[in-house]
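By convention in this document, chain letters (A, B, ...) are assigned in the order of the sequence lines, proteins followed by strands, and residues within each chain are numbered from 1.
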Protein chains: 2
Amino acid sequence: MSANSRLTIAAHALAWIGLYQRRGHEVATSEQIATSANTNPVVIRRLLGELRRAGLVKSRRGVGAGWSLARELESMTLLDVYEAVEPGPLFAMHRTTPDQECVVGHGIQPAMRGIYEGIEETLRHELARVTLENVLRDVLAAPR
Amino acid sequence: MSANSRLTIAAHALAWIGLYQRRGHEVATSEQIATSANTNPVVIRRLLGELRRAGLVKSRRGVGAGWSLARELESMTLLDVYEAVEPGPLFAMHRTTPDQECVVGHGIQPAMRGIYEGIEETLRHELARVTLENVLRDVLAAPR
DNA sequence: GCAGTCGCAACGTTAATTGTTACGACCACC
DNA sequence: GGTGGTCGTAACAATTAACGTTGCGACTGC
């Protein structure tokens, strides 16, 4: 499906900020998070920018600038993150309009649309069951 | 997510073959299906080739060649089709290994792997609830 | 033998993601 | 009121996958 890592990196960043704050720090920099995720700070800033638009984090500029959580990890779910960083649907329709003269070509898109909607609703329900607090707990539970 | 249309096109092809056979024909050609789906016959042959490997369709060569169902539409689910045409996982991990010296970098992949496995299992369960017979029924139920 | 179709390789096009560089905007601190 | 560190964002390259297209050999009913 050409899956991407946006949800994974976003969860990584949130868990990192959350843990950092619990250790007494005010803000985390994109540089620090990028080092942990082994990527470029701009990639982190782009993702965190989307999370900021969704109200999950805040950013401060100037000296001592950086990122902090806008809400508790307990109140954020993977669905919040998913909706912030993944705009499109899970399955795509035909890239060109199927033959409307054909019975199947005419009915296939409404049919699949209905089916896909139900499936995506279930997916969203599953994502909503996992909080970022759950994620951080699982992260810290990893052996050694 | 850069969703693709492989599942949609594969379902389209199966519904088309199924309906065509119910109307008394033996085999359907990739040319006919491609016309209905408004794409190239090679694209259809590639997808149907994967469905053949999964035991969902059969192909005949030579004169009067084409494609036919290997099983009844009632016995095929979207999960069968999905597994035949979508090899990879839904969500990707980091493209490079995160910093193993960092607590979060070390624990994030096992944590997300476990979470993603549960979610994908639910997705598979949902896909398995829809048969291709359901799809064809919905296709024929589309207004006018 | 011939015609029609599959099987498959090869290549081009398009689009999304990710990585990178660059630079202006901002602001706590001195 | 400078200064240094960080964000915000644009721009571009690199990589990858999906999709479309052409070409041609293989197969087989007639």
Nearest-neighbour nucleotide for the A:Trp67 side chain, D:dC7, C:dC6, D:dA11 considered: D:dC7
B:Thr77 side-chain N/O to B:Val130 backbone N/O, donor-acceptor pair under 3.5 Å: no
Net bend of the helix from C:dG1-D:dC30 to C:dC30-D:dG1, end axes of five pairs each, nearest 10 degrees: 10°
Residues, nucleotides or ligands: over 12 heavy atoms within 6.0 Å of A:His25 NE2: yes
A:Arg71, CZ atom: more than 12 neighbouring heavy atoms under 6.0 Å: yes
Worked check of side chain to side chain contact (heavy atoms under 4.5 Å, CB included) between A:Arg6 and A:Glu50: CA-CA 11 Å; A:Arg6 300 165 69 81; A:Glu50 295 172 39; 3.1 Å; yes
Interatomic distance where CD belongs to B:Glu31 and C1' belongs to C:dG4 [whole Å]: 11 Å
Presence of A:Ser30 side-chain N/O under 4.0 Å of D:dC7 phosphate oxygens OP1/OP2: yes
Protein-nucleotide distance (A:Arg95, atom CZ; C:dT13, atom P), rounded to Å: 14 Å
Whole-Å distance separating the CD1 atom of B:Ile44 from the C1' atom of D:dC19: 11 Å
Separation of atom CZ in B:Arg45 from atom P in D:dG20, rounded to whole Å: 14 Å
Spacing between A:Ile33 atom CD1 and D:dT6 atom P, to the nearest angstrom: 12 Å
Test: B:Glu74 and B:Arg137 ion pair at under 4.0 Å: no
Those residues of residues 4-13 of chain B lying under 4.0 Å from DNA chain D by at least one heavy atom: B:Asn4, B:Ser5, B:Arg6
Chi angles and distances behind the side chain to side chain contact (heavy atoms under 4.5 Å, CB included) call for A:Thr122, B:Leu123: CA-CA 8 Å; A:Thr122 302; B:Leu123 172 70; over 6 Å; no
Among C:dC6, D:dG20, D:dC7, the one nearest B:Thr39 by side-chain distance: D:dG20
Cluster check A:Trp67, A:Val43: I/L/V/M/F/W/Y, side chain < 4.5 angstrom: no
Contact residues, residues 52-65 of chain A to DNA chain D [heavy atom, < 4.0 Å]: A:Arg52, A:Ser59, A:Arg60, A:Arg61, A:Gly62, A:Val63, A:Ala65
Parallel, tilted or perpendicular, as decided by the 30° and 60° cut-offs, for the rings of A:His12 and B:His94: perpendicular
Integer-rounded Å distance: C:dG7 C1' and B:Asn40 CG: 14 Å
Value in whole Å for how far the C1' atom of C:dT20 lies from CG of A:Asn38: 14 Å
Under 3.5 Å donor-acceptor, B:Asn38 side chain and A:Thr96 backbone: no
Donor-acceptor contact below 3.5 Å, side chain A:Arg60 vs main chain A:Gly64: yes
Whether B:Ser5 side chain and B:Thr8 backbone form a donor-acceptor pair below 3.5 Å: no
Separation of atom CG in A:Leu47 from atom P in C:dG19, rounded to whole Å: 10 Å
